[in-house]
J.: 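Pasting a structure here, questions to come.
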Amino acid sequence: MEAIASISRPPPPYLPNVAKRARHDGSASGALGLPWTAPARASNAAARVSVHKPAGARPRPAPTLSEAEDRARRELPVWAGRTELLRELELNDSLIVMAETGSGKTTQIPQFLHEAGFSARGAIAITQPRRVAAITIATRVAREMGCALGTRVGYSVRFDDTTERGVTKLKYITDGMLVREAIADPLLLAYAAVLLDEVHERSVQTDLLCAIVKRAQAERRRALERARRGCGAGGGDGGGVAHGGGAGASPPSPPLKVVVMSATLEMATFSAFFGGAPCVHVRGRSHPVTCFYAAAPLDDYVEAAVTATLQVHCEEAGLRLDAGRDELPARAGDGADGDILVFLTGAEEIEAAAQLLNARARRLPAGCPKLLPCPMYAALSPAAQLRALEPAPRGVRKAILATTIAETSLTVPGVRYVIDSGLTKSRRFHAGKGVDTLQVVPISKAAARQRAGRAGRERAGKCFRLYTEHTFFNELEASAPAEIARANLAAVVLSLKALGVTDVTAFEFVQSPPRAALLAALEHLLVLGALDAKTGALTPTGSLMARMPLEPSYARALLAARAHDCVGPMLTLTAVMSVEGALFVRGGSGGAAGAGEVGARADGAAHDGGGGIAAAHSAADAARARFASQYGDVLTRVHAMGAAHAAGYNADWCRAHGLSKRTLASAERVRRQLCGLWARLVGPLAGAEREAAVLSEDERRGVRRALTAGFFARAAVRQPNGRYVALASREEVAVHPSSVLFSRKAPCVLFQELVLTTKRYIRELTVIDEAWLAELAPDFFDDDERA
DNA sequence: GAGCACTGC
């Protein structure tokens, strides 16, 4: 063990040992320049590999890799620890691997296990938090192993499963998919080993999977013990043990091997959770990144980010920002070599920064290379995202203005400088009020290191932090709170119940969520009819809900459609409401996503007027108005989806009607998936295949009643003074101005969303009859009246 | 009369 884990606690990369205050280039900074503090020396020890080379034969190279590629693969740091890893896994059921970026853990460790025979009695699952990662890594590994994707190596993500049971040995799978599989097969009998990757991200799903595999491990071990004892007691001699032999029982499955893979130092948490599992540390391969800090706190970080970008752009090109034409530097610097990645918090702010950058870039000193701002956030169309990833033209430096999307979800090549605002947007669930909020909060130290590391992917880089060194060391948390500690747990609790957990408050989580959140989730599921009030067990309805890839409230509403003769329309409704991404976008110049088109203009001269996001919003309002329903925003979406379906999702038609083809396409995919699921779980779809473009009045009434069955807790009634009060919380709420019901107030509405900004706004409304509430959710409203 | 970080089933 020691050989590999020669350093079980490596020095954190990027951190200076000595903080030296170093003003950049004397007094030159003037109005534009920001003063920085810099470390005494660049320090990133992670560039070295500290594991020894094991002796022993290695398998033959995969035929489809070139010799150079194969050599590169064997030189990945994780190869040095191959023998040790395998030996530890022979001796232990669980292993924690801390491997830094660039170590090759995700592609190589599964192959090590396969080659060593661990896959002989079951597949090896490798979980990934993101779809693209599962797909691209599986593709890469299939090539390394010289086989076609979908044979020995495959992936399984929503809507796309390329694996074949019994054939696929290495199965790259999204976290969520494996949780689904575990609901049908809690002992994970299809697998001989499960490798949980990127557990340091602490998503609800990986936390849940840790607990699931631990339980499966324990039960499979017990089953093995029982089989062994049973055989022994059954008499006979040694031979009987090897062959099993209980009356007709199938041979017990082998112990489940679990490898937990993380990229940060949080190993102790997971080691303790898995009963003191050994930890292995594998060095990564990244380049040193020098960090600079703001010398004093900054009040406007968008402004500061723009200033810092220009400063880095000029100074790294060998120019001083205030240098005049006569003072061109003797040393030419690096020209426009190396792009700048700027971390901001949201789309609106990024568009504002892009405009500011464009305006100020015009006033750069003569001889300064061009600077090209490139917005990057999830709402951008894929085409616009790709444009930001393309190499800049010669002599031009890109400034990629990104959200946290560039932290882990995608890698921007060519980045040499990172500017870090130190902030991110974070969603939090407030159990007491049952509302979600989205707030700008400081990032963690781990996230700050992750961001800085983005400058050192290809060569040595620099990171400029728009906060002080004191803030970094004394104010930032070591790591962000696990998602499970701040999320709405209704879906989690429903999954746990489906996994056979009777008492979720006693369940052993990697980190226990707040008790209040657990109780709120239980109560929510109880009033939805998913749990039995006496036993707390899943009801038949709850069991169906747990099998649907929907939020519990939507699942409940969908099931309620049976009683209201509107299953087909409700399938459309739940599909169109459960996809992310804007449905209504600006029409005209044609693009899948409205905001995307706005962002894509950043490289042109079009970034002049106030336009931007605000214009896209009002255009979306106009698109919404075309399909407006007197019954509210949800029915408006259903109308739009129905009309688009009738038009065959034609691209020109979508554009002309201000609808996002991309969002519609994913809604249609979800709808088809739900139809298939419904046919299997509930029964044949009588007439629901009719893709109702236009709903009858009865169907409109039906879906509003069905929706009430799932969302009664989010009802608001109009007061005599014209304002609304949310029934459950008794709080005053206001209709969001984007709603089709903004100027046409109904007496009673359901809302899908409550956002806290300048007011408590309710969004995505549906007009209902107040009497339905007591009829469809008597328990909930009886209690409420007594309260 | 305002504005949706990022994943995932």
Side-chain angles (χ1 to χ4, degrees), chain A residues 127-134 156-161 173-184 198 201-206 208-209 343-352 376-379 402-410 421 423-428 436-441 443 447 480 483 487 491-492 494-495 498 545-552 554-555 574-575 578-585 593-595 612-618 620-621 663 666 669-670 673-674 677 734-739 742-743 752-753 755-764:
Chain A
T127 68
Q128 289 296 316
R130 285 167 286 277
R131 290 167 53 94
V132 271
S156 176
V157 302
R158 189 181 188 181
F159 307 124
D160 197 1
D161 180 359
I173 181 170
T174 44
D175 302 332
M177 284 294 283
L178 192 57
V179 171
R180 296 269 143 198
E181 284 192 11
I183 289 174
E198 317 286 10
E201 292 186 18
R202 300 301 303 273
S203 76
V204 166
Q205 309 284 32
T206 46
L208 208 50
L209 280 174
F343 283 102
L344 294 169
T345 68
E348 198 160 355
E349 171 178 300
I350 283 170
E351 294 299 340
M376 169 63 79
Y377 43 88
T403 59
T404 42
I405 193 171
E407 213 172 280
T408 48
S409 300
L410 58 87
S421 65
L423 299 167
T424 189
K425 279 188 184 170
S426 171
R427 185 182 286 278
R428 249 159 243 263
D436 270 321
T437 58
L438 199 60
Q439 284 175 307
V440 173
V441 297
I443 59 172
E483 191 188 359
V492 174
L494 188 60
S495 295
M545 287 167 59
R547 281 165 176 75
M548 296 186 168
L550 293 169
E551 286 300 311
Y554 276 114
T574 44
S578 69
V579 292
E580 77 277 18
L583 178 63
F584 300 105
V585 298
I613 293 259
H617 282 307
S618 55
D621 287 352
T663 305
S666 46
R669 240 173 5 168
V670 173
Q673 187 192 29
L674 292 175
L677 207 57
V735 175
H736 195 275
S738 67
S739 171
F742 179 65
S743 53
Q752 306 297 304
E753 254 191 302
V755 293
L756 301 177
T757 51
T758 51
K759 286 185 190 170
R760 308 176 64 82
Y761 282 110
I762 52 177
R763 298 168 48 150
E764 303 301 338

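Everything numeric here is computed off the predicted structure, so don't read it as measured data. So you know, we letter chains A, B, ... as the sequences are listed, proteins then strands, and number each from 1.
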J.: How many whole angstroms separate atom OH of Tyr377(A) from atom P of dG3(B)?
T.: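 One finds 17 Å between P of dG3(B) and OH of Tyr377(A), rounded.
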J.: The side chain of Ser409(A) lies closest to which of these nucleotides: dT7(B), dG1(B), dA2(B)?
T.: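 Taking heavy atoms from C-beta onward, the closest nucleotide is dT7(B).
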J.: Please state how far atom NZ in Lys425(A) lies from atom P in dG3(B), giving the value in whole angstrom units.
T.: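 Taking NZ of Lys425(A) and P of dG3(B), I get 10 Å after rounding.
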J.: Go through the structure and list residues passing side chain to side chain contact (heavy atoms under 4.5 Å, CB included) with Ala402(A), not counting sequence neighbours.
T.: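 For Ala402(A), the residues satisfying side chain to side chain contact (heavy atoms under 4.5 Å, CB included) (neighbours in sequence not counted) are Leu341(A), Met376(A), Ile400(A), Ala406(A).
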J.: I'd like to check Thr403(A) versus Thr345(A) (side-chain heavy atoms, cut-off strictly below 4.5 Å). Are they in contact?
T.: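 No, side chains not in contact.
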J.: Between dG1(B) atom P and Arg760(A) atom CZ, what is the distance in whole Å?
T.: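 So the two atoms are 19 Å apart, to the nearest Å.
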J.: Quick check on dC6(B): is either OP1 or OP2 less than 4.0 Å from any side-chain nitrogen or oxygen of Thr403(A)?
T.: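 Yes, such a contact exists.
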J.: Considering every strand and a 4.0 Å limit on heavy-atom distances, what is the contact class for Ser426(A): base, sugar-phosphate, or nothing?
T.: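 Ser426(A): no heavy atom of the nucleic acid under 4.0 Å.
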J.: Can you measure Leu344(A) atom CG to dC6(B) atom P for me and round it to whole angstrom units?
T.: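 Going from Leu344(A) (CG) to dC6(B) (P), I get 12 Å.
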J.: Considering heavy-atom distances to DNA chain B, does Gly176(A) or Thr404(A) have its closest nucleotide positioned more toward the 5' end?
T.: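 By nearest-heavy-atom nucleotide position, the 5'-most residue is Thr404(A).
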J.: Arg130(A): which residues meet the salt bridge (charged side-chain N to carboxylate O under 4.0 Å, His left out) condition with it, sequence neighbours left out?
T.: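 Testing Arg130(A) for salt bridge (charged side-chain N to carboxylate O under 4.0 Å, His left out), a comparison that skips the adjacent residues, returns Glu201(A).
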J.: Between the side chain of Ser739(A) and the main-chain N/O of Arg763(A), is any donor-acceptor distance below 3.5 Å?
T.: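 No, Ser739(A) side chain to Arg763(A) backbone: no donor-acceptor pair under 3.5 Å.
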J.: To the nearest Å, how far apart are Glu483(A) CD and dA5(B) P?
T.: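 Glu483(A) atom CD is separated from dA5(B) atom P by 17 Å.
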J.: Contact class for Val157(A) vs. all strands (heavy atom < 4.0 Å): base, sugar-phosphate, or nothing?
T.: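 Sugar-phosphate contact only - Val157(A) comes under 4.0 Å of backbone atoms but never of a base.
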J.: Roughly, in whole Å, what's the span from CD in Glu351(A) to P in dC4(B)?
T.: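 Taking atom P of dC4(B) as the reference, CD of Glu351(A) is at 15 Å.
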J.: Where the side chain of Glu348(A) is concerned, which of dG3(B), dC6(B), dG1(B) is the nearest nucleotide?
T.: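 My answer, after comparing the listed nucleotides, is dG3(B).
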J.: From the options dC9(B), dC4(B), dC6(B), select the nucleotide whose nearest atom is closest to the side chain of Met177(A).
T.: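 For Met177(A), the side-chain atoms sit closest to dC9(B).
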J.: Output the rounded distance in Å from CD (Gln673(A)) to C1' (dG8(B)).
T.: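 Atom-to-atom, Gln673(A) to dG8(B), this comes out as 12 Å.
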J.: What is the separation between atom OH on Tyr761(A) and atom P on dA2(B), rounded to the nearest whole Å?
T.: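 Taking atom P of dA2(B) as the reference, OH of Tyr761(A) is at 5 Å.
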J.: Base, sugar-phosphate, or nothing: which does Arg130(A) touch, judged by heavy atoms less than 4.0 Å apart?
T.: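 Sugar-phosphate contact only.
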J.: Picking from dC6(B), dA5(B), dC9(B), which would you name as closest to the side chain of Arg131(A)?
T.: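 When the side chain of Arg131(A) is considered, dC9(B) is the closest of dC6(B), dA5(B), dC9(B).
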J.: Looking at Thr174(A), I'd like to know whether one of its side-chain N or O atoms comes within less than 4.0 Å of OP1 or OP2 on dC9(B).
T.: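 Yes, within the criterion.
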J.: Between Arg427(A) and Ser156(A), name the one whose nearest nucleotide on DNA chain B is closer to the 5' end.
T.: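 It is Arg427(A), whose closest nucleotide lies nearer the 5' terminus.
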J.: Could you tell me whether the side chain of Thr404(A) reaches within less than 4.5 Å of the side chain of Phe343(A), counting heavy atoms only?
T.: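 No, every pair of side-chain atoms sits at 4.5 Å or beyond.
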